[in-house]
There are 2 protein chains.
Amino acid sequence: MGRVSRQEPDNPPGGTGGGDGSSRRYEHEALAAVFQVRDGSMHVLLWRRAREPFAGRWSLPGGSLAVEERLGTSLSRHLAVKVDLTDIGFLEQLETRSDVDRDPRGRVIATAYVALVSTDVNPTIPDDTAWFPAAHLPPTAFDHSSIIRSGLERLRAKLTYTNLAFALVPAYFTIAELRVVYEACLGHAVSPTNLQRVLLRRRIIESTGRRTSSSSSGGRPATLYRFRERTLRVTDPFATFRPPGMDVEPNGAVT
Amino acid sequence: MGRVSRQEPDNPPGGTGGGDGSSRRYEHEALAAVFQVRDGSMHVLLWRRAREPFAGRWSLPGGSLAVEERLGTSLSRHLAVKVDLTDIGFLEQLETRSDVDRDPRGRVIATAYVALVSTDVNPTIPDDTAWFPAAHLPPTAFDHSSIIRSGLERLRAKLTYTNLAFALVPAYFTIAELRVVYEACLGHAVSPTNLQRVLLRRRIIESTGRRTSSSSSGGRPATLYRFRERTLRVTDPFATFRPPGMDVEPNGAVT
DNA sequence: ATGGTTTTCGCCTTATAGGCGATAACTACG
DNA sequence: CGTAGTTATCGCCTATAAGGCGAAAACCAT
């Protein structure tokens, strides 16, 4: 192949496309793995395919990228329009799948996102969509089940070293409610005692003075907590190998 | 936008493209942020653009996606062909940029990767490419400097909670050499004592019996260490909130 | 009031990171 | 050969964060 030379496609878009096969164009879709904790376990929102390929199987909601949009906004639009889903607390790009044969009809590149929905919203979804427990997925289409696994993995990781849970619970919540979410996500028992202590110490959550009026099954009324911030923030276990005199302020700044 | 109905582009590729603007096609390029520690500081490999737009500015190596390729292999090919770079120890997808106007010539979607090169390789690179310290980048093209920052952030994070450093050092190395790499990457002093202890305790590195024959400037010969594994493996600070009796075996399995 | 239930606090143990000085193992040079 | 200089490594301690467990708090129902 010729001499080493240029870099990106210097061909103007729509240009003649010289050399080694540049200026090819591809369909591009944005997919969302929408997660919500329902009845104590993690669920994913899936769409039942009406047509071939994979007719009858379930797939991630999403849609193709429009000309004037970025992937993220495109996806929000598709979710709003097609599944009536607007209450998304968190949306983050996950990964882009480019396998040549991931769609039997032809080449479609897909960028997958992770979307989180709080437990206190119950969106009205179309008939051909449904929530499925992430642990027991129905037969899925394309590479979507692999994408879901990948999303779950990221979710689990971030839940332990960030404040990401803010997107999965209402603005005000009890430790018990938070515990359910953590258990659903991590897939194992979580001690409420330890959960409270750790998140308070990390200054991720804080107590509002208020308490639940009275719980259904009796028992001491729980304090209502809230997340100090409702945007993603990492706690610094990344501070291993931290330099000598370096201390991290509560606000995250470094002195 | 009609009634809520289908999902992915059900149009066969090349089809007529109905409804809400589906089956659009876009140019797609793969870019690499190639990192290497040189002279004790982190460097990035950049390419000098010959033509407009951004003529004379520096950009990430890469190239457009060919029809029969996945993004990762496409990128490897471009790096091998165009910058003669084949000794890449690690290649991981970073993120996909889809801003409409990121390329003034028209719409090009870019998927960026992080690539790592060990300190013991010194690839012969073309005239119009050069290594730049990541802390002092030259004027860059497109959104590339933002991509580099993003890559550096991931690199720093992963260096502290994974064995990722294996891709930045030779197969056998001394703690001193490893320290240089960590300092270059994290941007602050790292104690060799602590580095050794932590990585040994985490069972990320292990001592080969061998020692450096004799160093240049005198001093006790250092033990040669090696990474137990040369594929990405996370250490489990993700194990916070770990369930009661759950212990993690040295090999990473969970009992 | 009494018992059941749930939440929360206090005290302790364990695990991991980090500081610092002492010792080991070489080179260089008289 | 002996001694100074240099670098690597180890041992012992401290600091911090996570986790276990039981006791107390604060409600409900009878």
Side-chain angles (χ1 to χ4, degrees), chain A residues 159-161 172-180 182-183 186 188-225 234-250, chain B residues 159-161 172-180 182-183 186 188-225 234-250:
Chain A
L159 209 60
T160 66
Y161 69 90
Y172 301 95
F173 53 88
T174 66
I175 297 296
E177 289 164 354
L178 192 59
R179 175 200 193 181
V180 169
Y182 269 82
E183 292 190 334
L186 300 180
H188 64 242
V190 170
S191 144
T193 299
N194 202 33
L195 187 65
Q196 189 214 31
R197 266 182 317 200
V198 169
L199 295 184
L200 277 178
R201 270 201 294 230
R202 288 182 179 175
R203 299 178 56 95
I204 287 179
I205 62 174
E206 67 188 356
S207 154
T208 75
R210 305 192 295 128
R211 305 175 162 260
T212 52
S213 45
S214 66
S215 68
S216 44
S217 57
R220 172 175 174 172
T223 305
L224 285 175
Y225 293 83
V234 308
T235 2
D236 67 330
F238 296 159
T240 321
F241 310 121
R242 186 175 10 199
M246 229 158 176
D247 247 346
V248 177
E249 293 292 307
Chain B
L159 209 60
T160 65
Y161 70 90
Y172 300 95
F173 53 88
T174 66
I175 297 295
E177 288 164 354
L178 192 59
R179 174 198 193 182
V180 169
Y182 269 83
E183 292 190 333
L186 300 180
H188 63 242
V190 170
S191 145
T193 300
N194 202 33
L195 187 66
Q196 188 212 32
R197 266 182 318 200
V198 169
L199 295 184
L200 278 178
R201 272 200 292 230
R202 288 181 180 175
R203 299 180 54 95
I204 286 180
I205 62 173
E206 66 187 357
S207 154
T208 75
R210 303 193 296 129
R211 305 173 163 260
T212 52
S213 46
S214 66
S215 67
S216 44
S217 56
R220 172 175 173 173
T223 304
L224 284 175
Y225 293 83
V234 307
T235 2
D236 67 330
F238 296 159
T240 322
F241 310 119
R242 185 174 11 198
M246 230 159 175
D247 246 348
V248 178
E249 293 292 306

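In this text, all values refer to a predicted model and were calculated from it rather than measured experimentally. By convention in this document, chain letters (A, B, ...) are assigned in the order of the sequence lines, proteins followed by strands, and residues within each chain are numbered from 1.
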Sequence neighbours excluded, which residues qualify as salt bridge (Lys or Arg N to Asp or Glu O under 4.0 Å) partners of A:Glu183? A:Arg179
Interatomic distance where CG belongs to A:Asn194 and C1' belongs to C:dT7 [whole Å]: 15 Å
B:Leu224 has an atom CG; how far is it from atom P of C:dC26, in whole Å? 13 Å
With a non-hydrogen cut-off below 4.0 angstrom, is A:Arg201 in contact with a base, only sugar-phosphate, or nothing? base
How far does OG1 of B:Thr174 sit from OH of B:Tyr172, to the nearest 0.5 angstrom? 14.5 Å
Could you tell me the separation between the OH atom of A:Tyr182 and the P atom of D:dG19, rounded to a whole number of Å? 12 Å
Any residue meeting side chain to side chain contact (heavy atoms under 4.5 Å, CB included) with A:Ser207, in chain and number order, not counting sequence neighbours: A:Thr223, A:Tyr225
Output a table of nitrogen or oxygen pairs between the protein and nucleotides 22-24 of chain C separated by less than 3.5 Å.
{"residue": "C:dA24", "atom": "N3", "partner": "B:Arg220", "partner atom": "NH1", "Å": "3.2"}

Tell me the bend of the helix from C:dA1-D:dT30 to C:dG30-D:dC1 as the angle between end helix axes, each from five pairs, rounded to the nearest 10 degrees. 10°
Among residues at least two apart in sequence or on other chains, which ones pass side chain to side chain contact (heavy atoms under 4.5 Å, CB included) with B:Ser191? B:Thr193, B:Asn194
Write down the distance between OH (A:Tyr161) and C1' (D:dA17), rounded to a whole number of angstrom. 19 Å
Spacing between A:Leu195 atom CG and D:dA17 atom P, to the nearest angstrom: 17 Å
Spacing of A:Ile175 atom CD1 relative to D:dA25 atom P, expressed in whole Å: 20 Å
Do A:Leu195 and B:Phe241 have side chains that get closer than 4.5 Å, going by heavy atoms? yes
Judged by each residue's nearest nucleotide on DNA chain D, which is more toward the 5′ side, A:Ser191 or B:Gln196? B:Gln196
In whole Å, I'd like the distance from the CG atom of B:Leu199 to the C1' atom of D:dT9. 15 Å
With rounding to the nearest 0.5 Å, note down the distance linking OG1 in A:Thr212 to CZ in A:Arg220. 10.0 Å
Whether B:Thr223 contacts D:dT9 is assessed here as follows: a side-chain N or O lying under 4.0 Å from the phosphate OP1 or OP2. Is that the case? yes
Closest heavy-atom contact between A:Tyr161 and A:Arg202? CA-NH1, 4.4 Å
Which part of the nucleic acid, if any, lies within contact of A:Thr193, taking any heavy atom under 4.0 Å across all strands shown: a base, the sugar-phosphate backbone alone, or nothing? base
Taking the nucleotide of DNA chain C with the closest heavy atom to each, which residue, A:Arg197 or A:Arg211, is nearer the 5' end? A:Arg211
Do B:Leu159 and B:Tyr182 come close enough that some side-chain heavy atom pair is under 4.5 Å? yes
Which distance, rounded to the nearest 0.5 Å, do you find between the CG of B:Leu199 and the CD1 of B:Ile204? 5.5 Å
Round to a whole Å and report the spacing from CZ of B:Arg210 to P of C:dA25. 19 Å
